[in-house]
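Heads up, the thing below is written out as structure tokens.
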Amino acid sequence: MKEAYNPQEVERKWQYIWSEKRVYEVTEDHNKEKYYVLEMFPYPSGRIHMGHVRNYTIGDVIARYKRTLGFNVLHPIGWDAFGLPAENAAIERGVHPAKWTYENIAQMKAQLKRLGFSYDWDREITTSDPNYYKWEQMAFTRMFDRGLAYKRSSVVNWCPSCETVLANEQVEAGGCWRCKSSVTQRELEGWFFKITDYTEQLLDGCERLKDGWPERVLTMQRNWIGKSTGAEIGFPLEETIEGVRSLRIFTTRPDTVFGVTFVCIAPEHPTSERIVKGKPQEKEALQFIQRINRQSNVERVAEGVKKEGVFTGAYCINPFSAERIPIYIANFVLMEYGTGVIMCVPAHDQRDFEFAKEYCLHIKVVIQPEGDVINPDDMKCAYEDVGTMVNSGEFSGLPSEIGKKKVIEYAETRGLGKRQINYRLRDWGISRQRYWGAPIPIIYCGKCGTLAVPDNELPVELPMDVEFTGKGGSPLAKIERFVNTKCHKCGGDARRETDTMDTFVESSWYFLRYTSPDFEKGMLDGVRGKYWLPVDQYIGGIEHAILHLLYARFYTKVLRDLGMCDLDEPFINLLTQGMVIKDGAKMSKSLGNIVDPDDMIAKYGSDTVRIFMLFASPVERDLDWSDEGIEGAYRFLNRVWRLVYEVMKKIEDFKGVKPNITLISDTARDLLIKVHKTIKKVTEDLERFRFNTGVAAIMELLNAVSRSQSNGNDEKAVLREAIETIVRLLYPFAPHIAEEQWESLGHEETLVDKPWIEWDREIVGSTAVIVVLQVNGKVRSQVFMDPDTTEEEMKQAAFSDERVKSYISGKEIKKVVVVPKKLVNIVV
RNA sequence: GCCCGGGUGGCGGAAUUGGUAGACGCAUUGGACUUAAAAUCCAAUGGGCCGUAAGGUCCGUGCCGGUUCGAGUCCGGCCCCGGGCACCA
């Protein structure tokens with residue numbers, strides 16, 4: 001063994017040994033319980049960053065620990081290889097997206113290997129591989145057959161200069177993120193997945209995931225789905241206009257229906273234009289509609305945008321109150337939600353209130369708060385809370401919560417409307433007018449219509465010789481060899497779909513593919529899938545709380561319904577780790593505060609990087625990178641190294657020697673107790689992913705060992721046990737140095753497969769406990785006691801304590817509180 | 001505006017169910033080793049007051065109040081920071 005710790009040498013050695021012995025390659029073993037631990041796979045951007053390192057380190061600790069517990073651990077990794085950056089690189093630098101992507105993967109793979117993660121590299125997946133997306137295309141065709149994938153037109157962000165669709169995230173301050181030109185709204189045909197068919201299932205699932213997922217992620221998903229219960233009510237028009245007889249509205253406050261003083265329609269609603277036909281207000285209204293429709297979504301919903309609208313000249317009738325209600329077209333009404341028409345109750349809805357004030361519309365109070373009377377004339381804002389219904393015909397006097405139900409019942413019996421549930425969640429638009437993605441396997445035949453590509457023609461491969469200009473829309477659309485095809489049904493000329501799929505589709509099922517990455521008959525091998533699935537522990541950043549995790553849950557349910565897997569929820573337990581920040585800000589190029597993992601590995605080794613990341617902060621919280629902090633982690637591992645080196649000679653002959661606890665000195669016994677308490681502590685911390693305190697406990701044990709004296713034989717045996725314990729406890733956190741030290745200590749087996757160390761219950765349990773003696777709740781003394789000292793004995797001990805005596809002498813004892821193993825409190 | 005997190009030393013953070021607040025690490029200071037430095041090792045380190053000293057004593061977990069023998073932890077009311085959603089009727 002060398003005197004100096006050389007992490008690079010040690011790490012290279014053990015990475016080689018692990019890989020030679022193929023220790024991480026697993027197959028189904030029905031004699032063992034399986035454990036599937038998964039970290040969110042990376043986008044191959046070129047470099048591993050600290051966020052990845054943190055994510056994968058957490059996963060690796062869990063994987064290694066579970067393995068020592070005897071689980072058959074599946075711990076795979078792969079690449080989320082499709083996506084925009086590759087295509088941008090092609091446009092800007094003329095590198096083919098495939099070349100760019102595969103070079104990045106090679107580089108990042110080498111980085112991950114240097115970090116020593118326990119991946120089964122045999123299962124590596126690259127989503128841009130036709131052997132991968134082939135199955136995704138096949139699933140698409142099945143979804144198409146069932147109407148779960150469909151085409152429709154929708155309004156999208158459009159950059160007229162780049163001639164392409166922009167995602168909402170790609171619109172910055174109303175302009176294109178790349179060329180800055182003003183973004184417009186445009187109707188465009190595209191493909192959608194019918195996630196709205198699964199809203200209730202996705203909501204139910206949130207209940208079932210309660211024990212394994214962070215509450216806030218579930219809350220975010222529930223909010224995103226946005227279920228709201230209310231009523232749909234028809235408001236008949238005063239006179240039929242252009243064939244329109246009535247307006248259907250959606251409200252969550254049917255109890256306020258008597259307070260309606262106007263109705264508003266979304267400008268883009270087809271009825272808007274029809275309803276103003278022939279009215280004196282027609283010209284003004286049409287101008288308004290045009291102006292609003294020209295605005296981008298971003299402009300329209302930007303903060304501080306004023307509510308505005310125009311009167312249509314038309315009226316409808318409130319079916320409850322029979323009042324004549326003016327109809328407006330207003331910018332704050334959304335076409336995509338509900339019916340695109342709303343009933344407006346300015347007294348009890350803040351938005352309606354603001355609109356009414358702007359256009360001097362009548363305000364009618366129909367809910368009175370308890371113990372108060374509100375008056376329309378002095379209202380400064382709407383009263384949106386519950387109360388008692390007033391001015392509401394036969395419903396007056398009812399509490400509003402009951403009124404809600406009664407109004408719906410009334411509407412249903414008279415055919416005025418019905419109970420209705422609306423969701424915020426919309427269908428998932430998966431079309432991208434982009435090259436670097438999985439082609440949507442659809443052809444358009446003049447005779448046979450829209451057809452799914454048959455299985456025997458899959459995959460629809462991405463053509464490789466393509467020009468990237470960044471202009472003129474989808475690159476695929478310009479490749480005639482690709483676009484022009486024959487219809488498999490009639491043999492006639494047909495055109496291929498040129499949209500590719502959103503990359504979130506690939507990440508919606510990669511965890512399934514890992515179970516059988518070589519399977520050639522479908523997405524996954526049912527037999528192997530049944531053994532490994534679901535994922536027992538998923539780990540990733542909170543930034544995916546909604547999109548990725550919701551899509552993956554949805555897609556899994558779809559595949560289940562298509563008979564491709566037998567799974568309701570893909571991830572049983574979810575751990576969301578915090579970000580890695582530096583100087584209080586997220587690491588970024590523009591701030592110049594990036595710390596490169598490679599530099600750190602070169603300087604300290606990956607074990608040190610791992611220890612620092614695990615120790616510096618609890619996993620769920622943000623981690624502040626500290627250059628001094630990592631020095632501390634390095635110092636710790638150096639101390640471990642030196643300790644083993646220095647005492648090696650002394651303890652050499654005590655391998656496997658059990659110290660006789662009755663023969664050792666008090667200090668040696670204290671150390672032995674500390675050893676076993678530490679094993680207990682670290683084990684419990686590993687179980688609950690509290691790695692920061694787990695590492696701290698090992699540090700404490702190291703401090704205790706450094707301080708201890710050991711001259712007699714039994715003491716040396718204790719010392720050896722303590723050192724071996726440190727090394728073994730360290731293994732999941734810093735595996736390379738642990739393996740090396742274990743070998744130095746004369747062991748031939750490797751820690752990677754050695755069962756986890758257990759604590760001696762007797763040693764831990766028999767320890768004297770410190771009992772705190774309080775007077776009036778203030779600590780005045782402390783004494784050692786046997787853990788099974790009776791309460792009466794504890795009391796006696798307290799009263800005979802000199803210091804306690806000085807505080808209670810001459811005073812009246814009012815009460816004595818005794819907590820076994822903890823404290824005695826005397827109240828005077 | 002709504003919904004989540006979170007406020008503990010100079011800093012990152014500990015404190016299973018209410019029971020010694022500040023584990024562990026960083027930084028700082030002093031000391032040892034050294035010709036010297038680095039590295040390493042040892043010690044001190046929340047604040048105030050009393051004491052030459054050993055020590056004693058009071059205050060202290062964002063703020064105000066409450067429950068309790070006892071509150072960082074529970075309850076009520078506020079303040080600040082971070083994140084998510086946001087004209088969703």
Side-chain angles (χ1 to χ4, degrees), chain A residues 4 214-220 222-224 226-228 230 249-253 256 264 266 300-307 330-334 336-345 348-352 354-355 381 384 422-426 542-543 545-546 576 578-579 581 584 611-612 615-618 620-633 635-636 638-639 642 681 684-685 688 690 692-703 706-707 770-782 814-819 821-828:
Chain A
E215 187 52 43
R216 64 173 176 147
V217 175
L218 294 175
T219 307
M220 280 161 82
R222 283 193 203 101
N223 291 344
W224 188 263
K227 179 176 182 172
S228 49
I249 60 94
F250 172 72
T251 179
T252 55
R253 294 294 304 272
T256 65
C264 285
R300 179 128 166 227
V301 304
E303 214 173 323
V305 169
K306 222 173 80 182
K307 290 183 179 41
N331 67 339
F332 70 98
V333 183
L334 304 173
E336 317 87 79
Y337 186 78
T339 61
V341 187
I342 60 170
M343 66 176 212
C344 294
V345 187
H348 306 294
D349 183 288
Q350 186 56 29
R351 296 157 299 186
D352 302 346
E354 286 167 28
F355 192 84
C381 61
E384 296 184 322
N422 268 332
Y423 302 90
R424 216 183 69 107
L425 185 70
R426 316 272 157 72
I542 186 77
E543 65 272 21
I546 299 171
T576 49
M579 284 191 305
I581 57 178
I611 289 286
F612 171 68
F615 176 70
S617 169
E620 310 223 18
R621 248 192 273 175
D622 285 351
L623 184 153
D624 229 321
W625 183 267
S626 148
D627 293 333
E628 291 79 34
I630 193 165
E631 289 278 352
R635 217 170 295 159
F636 165 61
N638 269 293
R639 284 182 66 201
R642 241 178 294 119
K681 168 81 176 143
E684 287 167 354
D685 282 345
R688 285 180 298 165
R690 301 174 57 145
N692 56 331
T693 51
V695 173
I698 302 173
M699 288 174 169
E700 270 191 72
L701 180 57
L702 178 69
N703 291 342
S706 307
R707 279 195 293 269
I770 299 169
V771 173
V772 171
L773 306 179
Q774 300 181 330
V775 178
N776 283 348
K778 290 202 164 113
V779 181
R780 294 306 179 190
S781 184
Q782 44 185 320
K814 285 193 184 147
K815 190 173 180 181
V816 180
V817 182
V818 181
V819 182
K821 295 186 213 178
K822 283 267 163 66
L823 61 77
V824 180
N825 185 15
I826 301 167
V827 187
V828 294

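Because the structure is a prediction, the values reported are computed rather than measured.
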Item to check | 5' priority, RNA chain B, between A:Lys778 and A:Arg635 [closest heavy atom] | outcome: A:Arg635
Checklist entry - Using a cut-off of 4.0 Å on non-hydrogen atoms, how would the nucleic acid contact of A:Arg426 be classed: base, sugar-phosphate, or nothing? => result base
Checklist entry - Is any side-chain N or O of A:Lys307 closer than 4.0 Å to OP1 or OP2 of B:C87? => result no
Next on the checklist: Taking only side-chain N and O atoms of A:Arg621, does any of them lie within less than 4.0 angstrom of OP1 or OP2 on B:G83?
Outcome noted: no
Item to check | Sugar-phosphate only, base, or nothing, as touched by A:Val819 at under 4.0 Å among non-hydrogen atoms | outcome: base
Checklist outcome for this item: A:Ala330 and A:Phe355 have their tightest heavy-atom pair at CB-CE1, 3.8 Å
Checklist entry - Nearest of B:G13, B:C26, B:C3 to any side-chain atom of A:Glu628? => result B:C26
Item to check | Atom-pair distance (CG on A:Asp622; P on B:G84), nearest Å | outcome: 11 Å
Item to check | Minimum-distance nucleotide (side-chain atoms of A:Arg780 versus B:C58, B:G19, B:U40) | outcome: B:C58
Next on the checklist: Nearest 0.5 Å, please: how far is CD in A:Glu384 from CZ in A:Arg253?
Outcome noted: 7.5 Å
Checklist entry - With sugar-phosphate meaning primed atoms plus P, OP1 and OP2, does A:Val695 contact a base, only sugar-phosphate, or nothing at under 4.0 Å between heavy atoms? => result nothing
Item to check | Nearest-Å distance for atom pair CD1/C1', residues A:Ile698 and B:A14 | outcome: 16 Å
Checklist entry - Using a cut-off of 4.0 Å on non-hydrogen atoms, how would the nucleic acid contact of A:Lys814 be classed: base, sugar-phosphate, or nothing? => result nothing
Checklist outcome for this item: Separation between CG (A:Asn776) and CG (A:Asn825), nearest 0.5 Å, reads 7.0 Å
Checklist entry - If you look at every strand shown and take non-hydrogen atoms under 4.0 Å, does A:Gln774 touch a base, only sugar-phosphate, or nothing? => result base
Checklist entry - Would one find a side-chain N or O of A:Arg639 under 4.0 angstrom from OP1 or OP2 of B:C41? => result yes
Next on the checklist: Need one value for A:Gly338: base, sugar-phosphate or nothing, where a base atom within 4.0 Å counts as base even if backbone is also close, heavy atoms only.
Outcome noted: nothing
Next on the checklist: Using a heavy-atom cut-off of 4.0 Å across all strands, would you classify A:Thr251 as base, sugar-phosphate, or nothing?
Outcome noted: sugar-phosphate
Checklist entry - Can you tell me how far CD of A:Glu354 sits from NZ of A:Lys306, rounded to the nearest 0.5 angstrom? => result 11.5 Å
Checklist entry - Heavy atoms under 4.0 Å, any strand shown: does A:Asp352 hit a base, just sugar-phosphate, or nothing? => result nothing
Checklist entry - Can A:Arg222 and A:Glu215 be counted as an ion pair, charged N to O under 4.0 angstrom? => result yes
Checklist entry - Which glycosidic conformation, syn or anti, is assigned to B:G51 if syn requires a torsion within 90° of zero? => result anti
Item to check | A:Met220 CE to B:A86 P, straight-line distance once rounded to whole Å | outcome: 11 Å
Next on the checklist: Does A:Arg688 reach a base, just sugar-phosphate, or nothing at all? Heavy atoms under 4.0 Å.
Outcome noted: base
Next on the checklist: Given B:G19, B:U20, B:C59, identify the nucleotide with an atom nearest to the side chain of A:Leu823.
Outcome noted: B:G19
Checklist entry - Nearest of B:C24, B:G13, B:U17 to any side-chain atom of A:Lys822? => result B:U17
Next on the checklist: Nearest whole Å is fine: how far is B:C81 P from A:Ile581 CD1?
Outcome noted: 17 Å
Checklist outcome for this item: A:Arg424 atom CZ is separated from B:A89 atom C1', nearest whole Å, by 14 Å
Item to check | Selected nucleotide, minimal atom distance to A:Ile342 side chain, candidates B:U40, B:A89, B:A14 | outcome: B:A89
Next on the checklist: Applying a 4.0 Å non-hydrogen cut-off, can you work out what A:Arg216 is touching in the nucleic acid: base, sugar-phosphate, or nothing?
Outcome noted: sugar-phosphate
Next on the checklist: So A:Glu684, base contact, sugar-phosphate only, or nothing? Heavy-atom distance under 4.0 Å.
Outcome noted: base
Checklist entry - Which is true for A:Asn692 with a 4.0 Å heavy-atom rule: it touches a base, it touches only sugar-phosphate, or it touches nothing? => result sugar-phosphate
Checklist entry - Just checking A:Ser228: base, sugar-phosphate only, or nothing, at a heavy-atom cut-off of under 4.0 Å? => result sugar-phosphate
Next on the checklist: In whole Å, I'd like the distance from the OH atom of A:Tyr337 to the P atom of B:A89.
Outcome noted: 4 Å
Next on the checklist: Quick check on B:A86: is either OP1 or OP2 less than 4.0 Å from any side-chain nitrogen or oxygen of A:Asn223?
Outcome noted: no
Checklist outcome for this item: Closest to the side chain of A:Asn825, out of B:C24, B:A86, B:C69, is B:C69
Next on the checklist: Name the residue from A:Phe332, A:Tyr337, A:Phe250 that meets the side-chain contact (heavy atoms from CB on, under 4.5 Å) definition with A:Ile342.
Outcome noted: A:Phe332
Checklist entry - Contact class for A:Asn638 vs. all strands (heavy atom < 4.0 Å): base, sugar-phosphate, or nothing? => result nothing
